Structures are given as structure tokens and as C-alpha cells.
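Step one of this worksheet: look at the structure below.
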Amino acid sequence: MMSAETLLHWMGHMGAGHWGTFRAAIAELYSIDNREVLSRVVRDLRLALSDLGHADFFVSGSRRWRAREPALSGLEHEGHALVIGGRNEALCRTLALVSRRVGASLSRQSTGRQDVERLLVSAADNIELQRIADEVAIPFIPRTGCRLAVALPELKAEVAEAPLIVEPANWEVQSWSFKMLKWMPGRLNKTARVYINRHGVRWHVLHVGRRRLRSMDRYEAIYAAACHDGRHIVRYDPVSQELSVPGRAPLPERYSRAACLASGLLPHFVDGRLIYRGIPPLLASILLSRLGQPPAPPER
Amino acid sequence: MNPDDRYLLWNRCIVEHRLLADTADGKVVLAVTPLFLSAGLRELANELLSPEEAENALLDAVGRVYRTAVAGGSGVRELLARDAEGVPTSVAFLAVSVIAAGWMETDEKRTGRAYYSRLADALGVELKGSQPLGFDDKAFEDLWLDLALWLKSEHDRKLVLPEGNPFQRYLALPKAHVLLRRVDIGRLPRFFEAKNYAPGSRPPLDRLAYDLVERGGPWSGFTEHGRGALADASRRALVVHQVANELEHWDGERTDSYGRRVASIEIQLMVRRRAQVSLLARRPPGFPEVLEGAGFVFESADDGWYEEIYLGPGDGSALSTGLRAVSDTEDGRYVLQRPAAEIIPFAPSEEYSGLLSDRVLRLGASSAVLCTHGREAEVAAHLEKIAPGRHTARRDPTLPDGWSLFFDFCPTIIIEPPPSLDQLHVESSVKLVPRGGLRIGGRWAWLHGAPPALQVVGTVRGDITVDGNVVELDDNQCIPSQCISTVGVHVVRIGRQLRQRVSIIEASISPNCKGWDELREDHTRGWAVLPAGRWVVVSQDPDFRDDLVAGRHGSVVCLPEGETWALAVSPARRTRAVLLRQAPHPWASTPPLPPAGRPRRTWVRWADLIYQVAIRRPALDVGPGVPTEAVKPAWQRFSQRARAIKRKLRRAK
């Protein structure tokens, strides 16, 4: 069995855990000794598992992860769904059996991210998908990507509710530069910042003026700053249905998941930008609206 | 889990971890303590309860079964049975009878001789006469004798029973198993701390015996009863075994003189290219999720520990002067503590990967020692005596300032160290150290497909068996992983020194996985995004209308059933009509009238609005995902329909 599959089985069985155990599990499964390599692999897997709806990480700002319940996640393309959430051998076997019986197919496909595989169910239509889900006793969620996007709050509202914090003393500080599209040492105003102490603990904040800082997720802070300044950092092409963002400023996790579960595809890098493929215009509009970005150009 | 299942779980726990664990020359004592119960439950069922909670849970389960049995008329004789695996079902009940005997100390209400009233309390029943309601002396004795017979015939073990014909023979049965009373059990952590025993360790019994009795008489911290038990040659070995068992399950927690709960901070050592040292604080049940102090923030991790905190070059003094983080809250008072040290030995741990700080070095185990620069020479000289070969200290830049590391040596010789190097005493107790695998929950449970390698460390006396089959260790002193690769419980025995259950578990889906409830709504809903401005959203259902103002970045709207439009009527700007969703089905050719009982006003408003927009020749547009060519014919149809309904309403007046 692939290491990523074993990791998924473990996470589904545990249900929830601490970040440290997630890292340790990956070090064990992938036999990684080198700390830099481990950090890279951990990051890749975390993003892939989050984007594909298998688990949430850093739940409520803590250092914990939590697996999701198994479900069939309907893609925008009718009749197709990904198996998301936790899974185990028994679930996979049952899904395969039931799919075959109704004339659908279950296939394992590489995602291109480490050895993470996606399980794709292809049926005649969503009614058949619902039947499969009912027999396996898991939920079927049509158009999961759009539903997730609609459920997202507006970033502006998130900023207003984010807690105000006092700048920590004697911590290293870095700021997000829209000009350079990367993190720079020092304080820049009205942008995202990260404070790092000598033990490696990080606090991500949004500088909102004067000495006021709001505690936020790292990437949500970047996009909130972009919204506030009217900066256009997300691009959407309605013809190719590709949505792209700066490579060092990926979509915040919840938004990224909505984008990935629309098409079932993980994003990939091209020329320094992160490309999300298969994003229908409606979903793109919703994401852009929620992110406070200018609307998508019309389809012509 | 119904009460019977809960009872059987406890029954199993006590059998596995007490009756079938290590013995004192084949003799077994049914003495259970809160700490033992907490550790046993965690091992067997991956449930985390504090020692007090665990004891209460046992009393609760046994009391329920007892009361049910009494109410049913059969009484405790009902427990003269076997479970599905052939194990006597009386064990949990008999253990509670021993707990009650351990409570026999004079208090405000009763003398130290009052047993049955205490048993009644434990079982949650009233006294009837001088005994608990429904109690049957003879049945009680039969349960003990049955258990003794089973232990002898199935496992060649001797259950301790009163000898001869003692006075109060029924009371003598549980009393024979009370070696140390509750108050003495409660003092054991102080003993362990004072004698420098590492939590969870399995030291040689002769060392324990020496510290408990032989060094200068029975340990003075015990009560008179405890000292008496140790002084009694016929019971000493059993007491030492009981203390050894408590130590094995001890998580390092103790209570200080201020009544604060104290847990220890260990040091974890990982060496890849460079050495990395971390603080690893234990987190017993009930300790706060976050504990700050001594310049560190300890955040809860999994399974009885706080998250590791990396120590860098600037943290040298934290190791040498010690650490103490105190939390005084409304919920309690807690301390995390690490003593000052100049020398710290490391050994493989059963609980954590890498090496963990220990109180001694372990014979035959790959070990390490951290010491201050000033102690380097004498440590090196001693290591050369106990682990032949030259030992050079490392001063990695990643180590705390002022500290050096001796790494990757294996003590093979036991000699008494000089007093200044007492921490480098080599102990020969056997240990089973799991390496790798994916642990799930309990200390000795792993995921099927990712089992650990089990390394045997220390001096082995006797055969090593897995599930009764003798096994040979590999070159790394590990039990071959294929021996424990299948799903199920595997029992590893090392002579008579160690018995350990190892569970390999097939993955299931945890009920703790978060659901998708937030997304499971009406499946026919659609959405659209409106650009900035004032809008009225209408559909082919005249009863629907939604007035809204979309902000600078647009607004997401949920669509009703059917064809839906967003209309903007503005004196200053050009009127607009945006098709948000096409009609999924062709409209009925005859426009309807409002159903009986529905107000005509909403229909009139609907028709008027569309008419007003239509006569202004609005700019037509489509929402995302709607084909542009659809908008003109759709608007024509929509506005004509509105006109038709308006005419009908007027005629119907």
C-alpha cells in the first residue's frame, strides 16, 4: 500500500491529533531523516490532504488536525465525484463493489503530489451517485466546490472579527510585500506580517493601521490586505477556466479546498504562479467576491 | 456500551494486567490501585481517565452488575461463570472487594475493622444486618476458590489465599490481597522520586527491594502498616512486586507539599546530521491544555504529553539550572518541573521515538549522555569503562550552549560509578522498545500495515516468545516484524521478566471525524454573484422577491427555483436586467393567476416591476455560467409573461 494511503487510513482511524504526530507519522512512513526534506514532504501532504477534503489542519488556530467523515464529493461535472474524508480498506472495497453493481466505475488516480491518490467515482448522473452513496452509507454532496465557496464568509467580515493583539516584543518580524510578491524582513504597513520567536513559534497577523494588529491565518491576511488596498492578485480566465494566484500566496486553505473540489484537481505551479484548473465561472465569481478581489471578466 | 460490556472490559483489564502479568515466584495478588486501573484502561481500550476517575468507573460498573444480580435473585453466584474467552467473570467484583479492604482505616464514622460497610459503599447498596444487601458469604468464598483454580490450571499461577483456618475467614480472603494500604500507595511517587526511578521503568526487583527495605530498613515514608508488610518476609516479595507494578504504570506525577500536582519534564534527543534537544513535558489527565512558565509555553499534544519545545543554543542555562512552570488556576494547581543537572543520561523509550532522558543508563541499549563542558573529561573516562571504545564529545552548534553530547554508545559492563557520576549507573532491567510503526491511541497498539520493530534491551533471562512461539532476535536485537504483522493481539514474553500485549489494529473510521453537515442542504439550490449596486432579484414565481445592495466586490445570492433575474432600476444609471439562471423547464403556455388565498398585491408588484424595467429597454446581461445568447429571448419571454399576468390581474379585479 502507498504511504499516503496508509497515512489516510491512520488519520481516519485516529479522527484527530496533534501536528507533531502528523509529522512523526510522515517521517515514519516515508523513512525521512533529513529535517528539511521532512518539512517539504509534510507541507506537500498537508496541502494535498486539506485541498482534497480529507482533513482540516490547525483547527481553530490550534496545532491540531482533524479528519473529515467520508463522503462522495460531487464535482462540477455531473456524474463524477471524489471520495473525500477518512477512508479504510473496507470502505474502498465496498465502494468498488457497489459502483460495479450499478454500472459506475471507481478509479484510483495520481494527483501528482507525492504519492497521494484520488478516488474517483464516475457514474451516469448524480442520481446514480446518490444511490451509490446511500448503499455505502456515506453522504453525497453535489457540487461540493460551489457549496464550500458559498459557505465562506467575506474576508472583510473576517478581518472585522479577528482579535486585536499587541505586538510581541523581541520577536523577529517579516512582512508580505505585494511589490516583490514574497515575505521580506522588517515591518511594512497595511499588509500581512509574521512574528517569529526564538523557539520557532509563529504568529500571523494583519497590520490594520497605526499599531493595530489582527490575528489571522497567514494567507487570509495577505488577501485581506490585497482587498483593502484594491490590489488585483487573483486572475481568472473564463475560456481556459483557470484561476491563478501568486506562487508564494496560495489561496487560503478553505478557499483552496473549494477550488480543488470543483474539479477534483490539485493546483500546480507555472511561471511562479499557482494554477487552479477546471474552475467554472460561477465558482470563480464566488471566490473572487469572497476574497474581495475584482470580479471575473465576462465570458465572450 | 451496556453495563455488562463495561464490567467485562474492567474484568479483562484486571486479568490481563494484574493476574497474568509478572509474578512473585508464581504467586499472584489481586491488588488494584487507581494508577494501575487508569493505565490498564488506556492500554486496553484507549480511554484516558485520571486514576481517581478510573477507580470510580470500576466501582460504578461493578456496583451496577452487583445490584442487577441481587435484584434478579441470583446474587454474586451469577459471577461464577466464564466470559467468551473462558476467563472468570468474577475478577472485577473480587478486585472491588479488595479495594474495600484497602479502605479499612479508622475515620470519623467507622473503625478500621469495619469491612462490610465499606464493601456496601463500594457496591452502592445498603447494609442488611451487618452485610451488604444480597451478599452471600459462601458464594463469595466460592468465587475466590474458583479463580484460584482457574489460575492454577490454566496459567500455573498461585492466587494468594489465607492459610489455615483464619478468624473471619471470609474477610480474610480480600484482606490477604491488601499489601499496601491506600495511603501508602499514595506515597509511592515520593519514594520513586526520592530514589530516582524513571516513570514507567522496570528496574531489577532486587534494586527495588534494596531501596524499599534492605538499605536501612523499610522506607520511612510508609505508614506502620506499610513498613510492617515490608518487614514480613512472607509478604515482602509480593509488596516489592506491587511497587514494581505501580512504577511501571507511574507517569511521573506526584503531589508537592502545597498540594499542587507535579509532572516531570523530560528531554528528547534526536540526532540526524546534527543533534536536536527538546523539552518534552508529561501531561497527566486533568492537566491544563496550555501551561506557561519559566519562559516557555507548553501546549497539549496527544496521549499524555505536551508538545515538544526545541531547545537552541540560548537555552543552556534552562538545562543546568532546571525549570519550573507553575499554573495556579481556578481548576487546580499544576507544576511542570525539570531538576537542575550537569549530566543527563538518555536511553531508548517505550513511549517516544529517539532517545529520552532517563535516570540511569541501560545495559545493552544504544545510549547517549549530555553533560556540561566542565564534566566532559570525567564522563568520557567513565564511559570508556562501561562501553569499551573511545568516546569523543560532540559540541554541535545546535546544542544548548555549554553542553556536550556523547552519542551512540552501548553500555555492556556494569560497574559502580563514582558518587559524582551517580546518573551513569548502568541498569540491567529488560525493556521492550518499539521503533517506528504508526501508533494508534494506546501505548501498545499499531495500525495494521505499519507495525513497529520491537527491540529488546537489557539482560534477557529465558526465552523470548510471541504468542507462545519462541523467536530469535535479529542483528538489531529486534523481534522480527512478521511475528506481529497480522491483525490481532500478540503477547510477547521475555522469560518471566516481562509480558507485553501488542495490538495490531485494522483501520476503522473514527466517530471523531468531522462531518459535512454544513453542506448538506437543499440540493436544488443555485447561486449567483451580483455586481455592485442596488438590485431586486425576481424569479418566475411572482411570490419571490429579494431586495439587496451588493458591495464593491459583489454579493453572492442563493437562487430560488426556476428562471431568475436581477433587476436594477436607477434614475441615474441605465436600467439593467441580468439573467442569473435559465428556466430549467418550459413555462406553461397559459399564465397562471395567484392561487386562492394568496395576496394579489405581491403579484401586482412583481408584474409592475418587470413592466417598468421592460419599458426602459434595459441593458441585458448574464450571470456566470449562463450563455450570452440566451438572454434576449429569455427576457422577451419573461417580460411578455409578466405583461400577460398583469393584464389578467387587471381583468380579474
Side-chain angles (χ1 to χ4, degrees), chain A residues 1 6 9-10 12-21 24-25 28-29 33-35 56 63 66-71 85-91 139 141-142 144 146-148 150-151 154 198-201 227 238 280-282 284-286 288-296 298-300, chain B residues 272-274 276 296-297 299-303 305 307-312 314-315 353 436-441 447-450 505-516 518-521 523 525-529 531-532 550-556 558 621-625 627-628:
Chain A
M1 198 192 300
T6 308
H9 290 195
W10 175 76
H13 184 91
M14 297 293 285
H18 194 267
W19 176 246
T21 56
E28 171 61 27
L29 283 170
D33 270 343
N34 182 290
R35 206 164 148 191
D56 301 327
R63 290 178 63 74
R66 191 170 177 192
R68 286 283 197 151
E69 260 182 16
R87 62 186 187 228
N88 59 5
E89 286 279 349
L91 176 67
I141 308 164
T144 311
C146 273
R147 287 172 184 278
L148 283 171
V150 167
E154 285 190 7
R198 63 191 177 92
H199 296 294
V201 175
C227 166
L282 173 61
S285 295
I286 297 173
L288 290 167
S289 171
R290 293 300 197 219
L291 286 168
Q293 286 285 293
E299 295 165 87
R300 290 284 178 254
Chain B
R272 294 183 179 112
R273 276 177 308 171
R274 296 265 171 93
Q276 180 66 62
F296 296 97
V297 177
E299 291 187 37
S300 167
D302 290 330
D303 293 344
W305 295 89
E307 191 182 346
E308 61 192 349
I309 298 177
Y310 292 121
L311 293 180
D315 295 312
S353 56
L438 286 189
R439 237 179 188 138
I440 41 179
L447 183 73
H448 179 230
I505 296 175
E506 189 81 69
S508 61
I509 304 293
S510 167
N512 289 333
C513 291
K514 189 174 178 213
W516 297 96
E518 74 270 27
L519 298 183
R520 291 203 255 165
E521 289 176 5
H523 288 185
R525 257 199 185 169
W527 310 277
V529 179
R552 179 160 65 108
H553 300 111
S555 273
V556 179
C558 284
D621 203 349
V622 293
T628 318

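Labels below follow one simple rule: chain letters A, B, ... track the order of the sequence lines, proteins then strands, and each chain is numbered from 1. What you see is a predicted model, and the numbers here were worked out from it, not measured in a lab.
Heavy atoms of B:Leu447 lying under 4.5 Å from chain A belong exclusively to its side chain. Neither the backbone nor the side chain of A:Leu291 comes within less than 4.5 Å of any heavy atom in chain B. Only the side chain of A:Glu154 comes within contact range of chain B, with heavy atoms under 4.5 Å apart. With a 4.5 Å cut-off on non-hydrogen atoms, A:Asn34 touches chain B through its backbone and its side chain both. In this structure, chain B has a heavy atom under 4.5 Å from the side chain of A:Arg66, while its backbone stays farther away. Interface remark: A:Ala90 contributes no atoms to any contact with chain B (heavy atom separation under 4.5 Å).
Of the listed residues A:Pro294, A:Pro280, A:Gly17, A:Ala71, the one with more heavy-atom pairs under 4.5 angstrom with chain B than any other is A:Gly17. Chain A forms more heavy-atom pairs under 4.5 Å with one residue of B:Asp315, B:Ile505, B:Val297 than with any other, namely B:Asp315. In terms of heavy-atom pairs under 4.5 angstrom with chain B, the leader among A:Leu148, A:Asn88, A:Val201 is A:Asn88. Between chain A and the residues B:Ala528, B:Ala301, B:Pro511, B:Ala532, the largest count of heavy-atom pairs under 4.5 Å involves B:Ala301. Among A:Ala151, A:Ala24, A:Gly20, A:Cys146, the residue with the largest count of heavy-atom pairs under 4.5 Å with chain B is A:Cys146. The choice from B:Ser555, B:Pro627, B:Gly314, B:Gly437 that makes the most heavy-atom pairs within less than 4.5 Å of chain A is B:Gly437. Ranked by heavy-atom pairs under 4.5 Å with chain A, the list B:Pro531, B:Gly312, B:Ser508, B:Gly551 is led by B:Ser508.
Minimum interatomic distance between B:Ala507 and A:His13 (heavy atoms only, all atoms of both residues): CA-ND1, 3.6 Å. A:Pro70 and B:Ile509 make their closest contact through CD-CG2, 3.7 Å (heavy atoms, listed as atom of the first residue, atom of the second, distance). Taking all atoms of both residues into account, the shortest heavy-atom contact from A:Ile286 to B:Trp527 is CD1-CB, 4.2 Å. Among all heavy-atom pairs drawn from A:Thr6 and B:Ala450, the shortest one is CG2-CB, 4.4 Å. Nearest heavy-atom pair across A:Arg147 and B:Leu519 is NH1-O, 3.3 Å.
Applying the salt bridge (charged side-chain N to carboxylate O under 4.0 Å, His left out) rule to B:Arg274 yields no partners; only residues at least two apart in sequence or on another chain are considered. When the side-chain hydrogen bond (donor to acceptor under 3.5 Å, both in side chains) test is applied to B:Gln276, the partners found at least two apart in sequence or on another chain are A:Arg35.
Contact of the A:Arg290 side chain with the B:Val556 side chain is registered, since non-hydrogen atoms from C-beta on lie closer than 4.5 Å. You'll find the side chain of A:Pro295 stays beyond 4.5 Å of the side chain of B:Val529, heavy atoms only. At a threshold of 4.5 Å between non-hydrogen side-chain atoms, the residues B:Cys513 and A:Arg68 do not count as touching.
Side-chain N or O atoms of B:Ser510 include none that pairs as donor or acceptor with a backbone N or O of A:Gly12 at under 3.5 Å.
Under the 4.0 Å criterion applied to side-chain N and carboxylate O atoms, B:Glu307 and A:Arg63 are assigned as salt-bridge partners.
Between the OG1 atom of A:Thr21 and the CH2 atom of B:Trp305 there is a distance of 14.5 Å, given to the nearest 0.5 Å. Of the inter-residue distances, the one linking B:Ile440 atom CD1 with A:His9 atom NE2 reads 12.5 Å to the nearest 0.5 angstrom. To the nearest 0.5 Å, atoms CD (B:Glu308) and NE2 (A:His18) are separated by 9.0 Å.
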- Check the pair B:His553 / A:Leu288 against side chain to side chain contact (heavy atoms under 4.5 Å, CB included), numbers first and verdict last. CA-CA 8 Å; B:His553 300 111; A:Leu288 290 167; over 6 Å; no
